[in-house]
> 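Take this structure, written in structure tokens, and hold onto it; I'll ask about it next.
Read the numbers this way: they start at 1 and go in the same order the structure lists the ligands and their atoms. Numbers for residues simply follow the sequence, beginning at 1.
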Amino acid sequence: MQIINSIADLRSYLSSEQEPFKLGLVPTMGALHDGHMSLVSKAVNQNDITVVSIFVNPTQFNNSDDLDKYPRTLEADINLLNKISEDIIVFAPKATEIYPKGLYSNSYDFDGLDKVMEGAFREGHYNGVGTIVEILLNIIEPNKAYFGEKDFQQLQIIRNLVAKQNIPVEIIGCSIVREPNGLARSSRNERLSSEMREKASFIYKTLQISKKKFENMSANKVLKWGKKQFEEHADFELEYLCIADAATLEVVSRKKPNAKYILFIAVYAEDIRLIDNIALN
Ligand code: PAF
């Protein structure tokens, strides 16, 4: 396994490889879990060379406490990646390598995709994500880049970004990986007590029942029912529960024929913010 910290070393390593090769990138912030591993396995299977970037990007955190508490587990991450393939290249730069002139975020026009849900509750978050993803794509120039569908809004925003900036990369969305009880895999799950980690299966169970109800109930009624479940459950504090069009992310209260809808949720459990989503049709 190659562990590379500088842009110059990464470029020189990649240019020493015999062309042509297919290059896959899995951008991560570390604290790797099975969700990341499914992205990495896909990348390894579909490419000749896979780069996994591990970089906790300060510009996408709107809450400094969240940034400070974000788990940094480089050694454990490398051990996990080694189990998939010893040929993976880990790119783990310092913030000064990525932002040599100081931290900044570009201001993107994501056609409104960033104005709802995560974007509405986390000021500046997607400008920070867009900035780091654009920087990484420009440094690494992969053929394919892999993102999880747990942050489906992020995935759509990155598709929008690469189309608008004409970045020649194929964006691959990967299905959500869940714990045995249904809780979506997330680095934040490590911060839940074991009791709460079990109880948090309630989130996905509620999404699944909502999906069933959506077959013959209006969007509004499904949302009303879902919100009530969380109001009645003392362990959770709901931030949002929204039904949005899968392509535009426009939040809806009424179904239109032929549109694809996704139910999105952000909820606090023990002060830890968890997100999840489910395709409704
Ligand atoms: O999804 C993440 O882990 C991050 O937002 C990403 C895409 C690695 C950018 O920092």
Side-chain angles (χ1 to χ4, degrees), residues 7 10 24-40 42-43 50-64 66-74 76-77 80-81 88-99 103-106 108 110 113-114 117-119 121-140 142 144-162 165 167 169-177 184-191 249 264 266 272-277:
I7 297 170
L10 181 64
L25 168 66
V26 184
T28 80
M29 298 206 297
L32 302 182
H33 50 71
D34 283 0
H36 296 109
M37 291 306 129
S38 80
L39 271 62
V40 176
K42 206 170 196 177
T50 295
V51 175
V52 176
S53 63
I54 298 186
F55 178 64
V56 181
N57 175 39
T59 66
Q60 70 188 76
F61 286 83
N62 56 325
N63 175 334
S64 57
D66 212 16
L67 172 62
D68 293 343
K69 287 194 178 140
Y70 203 87
R72 286 147 174 98
T73 56
L74 187 60
D77 293 345
L80 276 179
L81 291 171
I88 291 168
I89 301 167
V90 174
F91 179 49
K94 288 213 164 77
T96 46
E97 181 72 10
I98 295 292
Y99 300 106
L103 299 179
Y104 70 90
S105 274
N106 298 325
Y108 294 99
F110 293 124
L113 293 170
D114 57 330
M117 302 180 293
E118 291 304 282
F121 283 92
R122 302 180 69 188
E123 178 83 43
H125 171 66
Y126 285 121
N127 277 328
V129 170
T131 304
I132 184 61
V133 171
E134 189 176 358
I135 293 172
L136 291 170
L137 293 175
N138 286 334
I139 295 172
I140 299 163
K144 293 184 175 156
Y146 298 77
F147 296 87
E149 287 180 352
K150 183 165 76 75
D151 193 340
F152 188 86
Q153 189 172 8
Q154 168 172 279
L155 176 63
Q156 295 301 67
I157 282 174
I158 289 165
R159 289 190 202 283
N160 180 285
L161 170 86
V162 302
Q165 310 292 325
I167 305 176
V169 60
E170 189 184 342
I171 300 299
I172 312 283
C174 305
S175 316
I176 300 176
V177 178
R185 294 261 180 208
S186 163
S187 310
R188 291 165 194 252
N189 296 357
E190 302 301 322
R191 288 163 55 198
L249 299 187
F264 293 90
I272 294 152
R273 193 168 180 279
L274 303 169
I275 61 168
D276 201 350
N277 67 72

> Quick one: CG on L274 to CZ on R191, what's the gap to the nearest 0.5 Å?
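The distance works out to 9.5 Å.
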> Side-chain contact test, heavy atoms from C-beta onward, threshold under 4.5 Å: evaluate it for F264 versus L249 and give yes or no.
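F264 vs L249: side chains touch.
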> Decide yes or no for K144 and K42: does some side-chain heavy atom of the first lie under 4.5 Å from some side-chain heavy atom of the second?
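They are not in contact (no side-chain heavy atoms under 4.5 Å apart), so the answer is no.
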> Measure and list all N/O to N/O distances between ligand 1 and the protein that fall under 3.5 angstrom.
unit_1   : atom_1 : unit_2 : atom_2 : d
ligand 1 : 1 (O)  : Q154   : NE2    : 2.9
ligand 1 : 5 (O)  : Q60    : NE2    : 2.9
ligand 1 : 5 (O)  : Q154   : OE1    : 2.7
ligand 1 : 10 (O) : Q60    : OE1    : 2.6

> Check the orientation of Y104 and Y99. Use parallel for under 30°, tilted for 30 to 60°, and perpendicular for over 60°.
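Because their plane-to-plane angle is over 60°, the rings of Y104 and Y99 count as perpendicular.
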> Restricting to non-hydrogen atoms, name the atom on S187 and the atom on Y70 that form the minimum distance, rounded to 0.1 Å.
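Shortest heavy-atom contact: OG-OH, 3.6 Å.
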> For R188, what residues pass the salt bridge (Lys or Arg N to Asp or Glu O under 4.0 Å) criterion, not counting sequence neighbours?
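Per chain and number, R188 pairs via salt bridge (Lys or Arg N to Asp or Glu O under 4.0 Å) with D66.
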